[in-house]
**Q** 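Got a structure for you, written out below as structure tokens; questions coming shortly.
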Amino acid sequence: MASVYRRPRSQYWHAGWRDADGKFQMRSTKQTERNKALQVAVELERVDRKTQKGEMVETQVRQVLNDILEKVGEPLVDVPTIRKWFLDWLKEKTSSKSEGTSERYKYVVDAFLAHLKDRADKLLTVLTARDVQGYVTKRIEQKVSSATVNVDGKILRTCLNRAKRQGLISINPAEAVELPEKRSIERGTFTPTEVKLLIAAAKNTEWKTMILFGYYTGARLTDCTQIEWKNLDLAKGTLNFFEGKNQKHILMPLHPELANHLMKIATSDKAEKYVTPKMAKSGSGGRHGMSESFKRIVVNAGLDLQTVQGTGVRMISKRTFHALRHSFTSALANAGVSPELRMKLTGHKSAEIHRGYTHLEMETLKAALEKLPSLSDAKQ
């Protein structure tokens, strides 16, 4: 016969009973009144025994639980299937994320649901850590890099954390899964002389501009393509925009060489929204295309891509466009710029932090940025 108990440091009564195998079970009733808690306890025992005997299926259990909630005056619970929850979450996420991030989320959700097969149409509450661990193990067996598997695991955790916060599940099964230790390939860098060779090898003005943006601002490839003329104040010599990946607000001074280049291309009679209008129109596929185009520029410049074996099955080029970001921070470090200033130049966490900046601090950042070597002084 089910009973109710008060546990230390809990405001709720807990139900206790012995299941069909004689094992003692205890669950929180989420009730603070003893009479209501006892009603829940009796029903929990009944459902547990019938489920163990195979006399009830999921939909029946769900109906009984809602009947219990209705008796004690609590709102009913509408638990979605695993598939519905993940697809609804994905739809919401893709409306607020960049195209590249949305594609990454979609791939993980589709792959996870495919891994679950028919189990994906079970109620969300049925999902276990074993299900998630099985997917992670499968990815590892596919020789996917540890970094990629970690991203997969974090996406699943994020999705299920939302369900936990909404009270649809009591624990996040993905939290119990061990992800592989992340091993990353160290990115390469370009010297000022090599950056000058890259600019010379670039066949059009937009690519020359992109390379200068990458080297003198440390911005990522996608962020460089999305810089608008309104983000630039050429009179004050500043760049002001929101970084796409983390939505960090960035306000930074322009290096004189980058400012001079922008002044030259700003004299065009044709009004454009973006500084690099053709590249700004590229979608996700176009961005991947730009990555490959940059690699061709590296090769045409006579430089080594430094291609190595990745942590998974793929070969990785250490000197991609992202290597310009590493070159930016490395050059600042080599010029003696402090870690604090380097962090400010690579991005703030919010616009509020930026508003706390003083004119003196901007001058300090400008002086730090001017320590970057000028490409015009680089030897051929």
**Q** For residues 108-120, which residue pairs pass the side-chain hydrogen bond (donor to acceptor under 3.5 Å, both in side chains) check, not counting sequence neighbours?
**A**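 Residue pairs passing side-chain hydrogen bond (donor to acceptor under 3.5 Å, both in side chains), neighbours aside: Lys106-Asp110, Arg119-Asp131.
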
**Q** Residues two or more places apart in sequence or in another chain: which of them pass salt bridge (Lys or Arg N to Asp or Glu O under 4.0 Å) with Lys278?
**A** none

**Q** Which residues pass the salt bridge (Lys or Arg N to Asp or Glu O under 4.0 Å) test with Lys164, sequence neighbours left out?
**A**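 Listed in chain order: nothing, the list is empty.
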
**Q** Which residues pass the side-chain contact (heavy atoms from CB on, under 4.5 Å) test with Thr217, not counting sequence neighbours?
**A** Phe213, Ala219, Leu239, Met252, Leu258

**Q** With Phe86, which residues qualify under ring pair (Phe, Tyr, Trp, His ring centres under 6.0 Å), at least two apart?
**A** Phe112

**Q** Please give the remaining members of the hydrophobic cluster of Tyr5, linking ILVMFWY side chains under 4.5 Å, ordered by chain and number.
**A**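 Its cluster mates, by chain and number, are Phe24, Met26.
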
**Q** Taking side-chain contact (heavy atoms from CB on, under 4.5 Å) as the definition, give me every residue that meets it alongside His322, ordered by chain and number, with sequence neighbours left out.
**A** Arg187, Arg220, Thr320, Arg325, His326

**Q** I'd like to check the salt bridge (Lys or Arg N to Asp or Glu O under 4.0 Å) partners of Arg83; sequence neighbours left out, ordered by chain and number.
**A**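 Counting only residues at least two positions away or on another chain, Arg83 forms a salt bridge (Lys or Arg N to Asp or Glu O under 4.0 Å) with Asp121.
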
**Q** Rest of the hydrophobic cluster containing Leu38 (Ile/Leu/Val/Met/Phe/Trp/Tyr, side-chain heavy atoms under 4.5 Å)?
**A**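 Once heavy-atom contacts under 4.5 Å are chained together, Leu38 belongs with Val4, Trp13.
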
**Q** Applying salt bridge (Lys or Arg N to Asp or Glu O under 4.0 Å) as the test, list every pair that has at least one member in residues 252-262; sequence neighbours left out.
**A** none

**Q** Not counting sequence neighbours, which residues clear salt bridge (Lys or Arg N to Asp or Glu O under 4.0 Å) with Arg296? List them please.
**A**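 Partners of Arg296 by the salt bridge (Lys or Arg N to Asp or Glu O under 4.0 Å) criterion come out as none, since no residue qualifies.
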
**Q** Please name all residues satisfying side-chain hydrogen bond (donor to acceptor under 3.5 Å, both in side chains) with Asn172, sequence neighbours left out, ordered by chain then number.
**A** Asn161

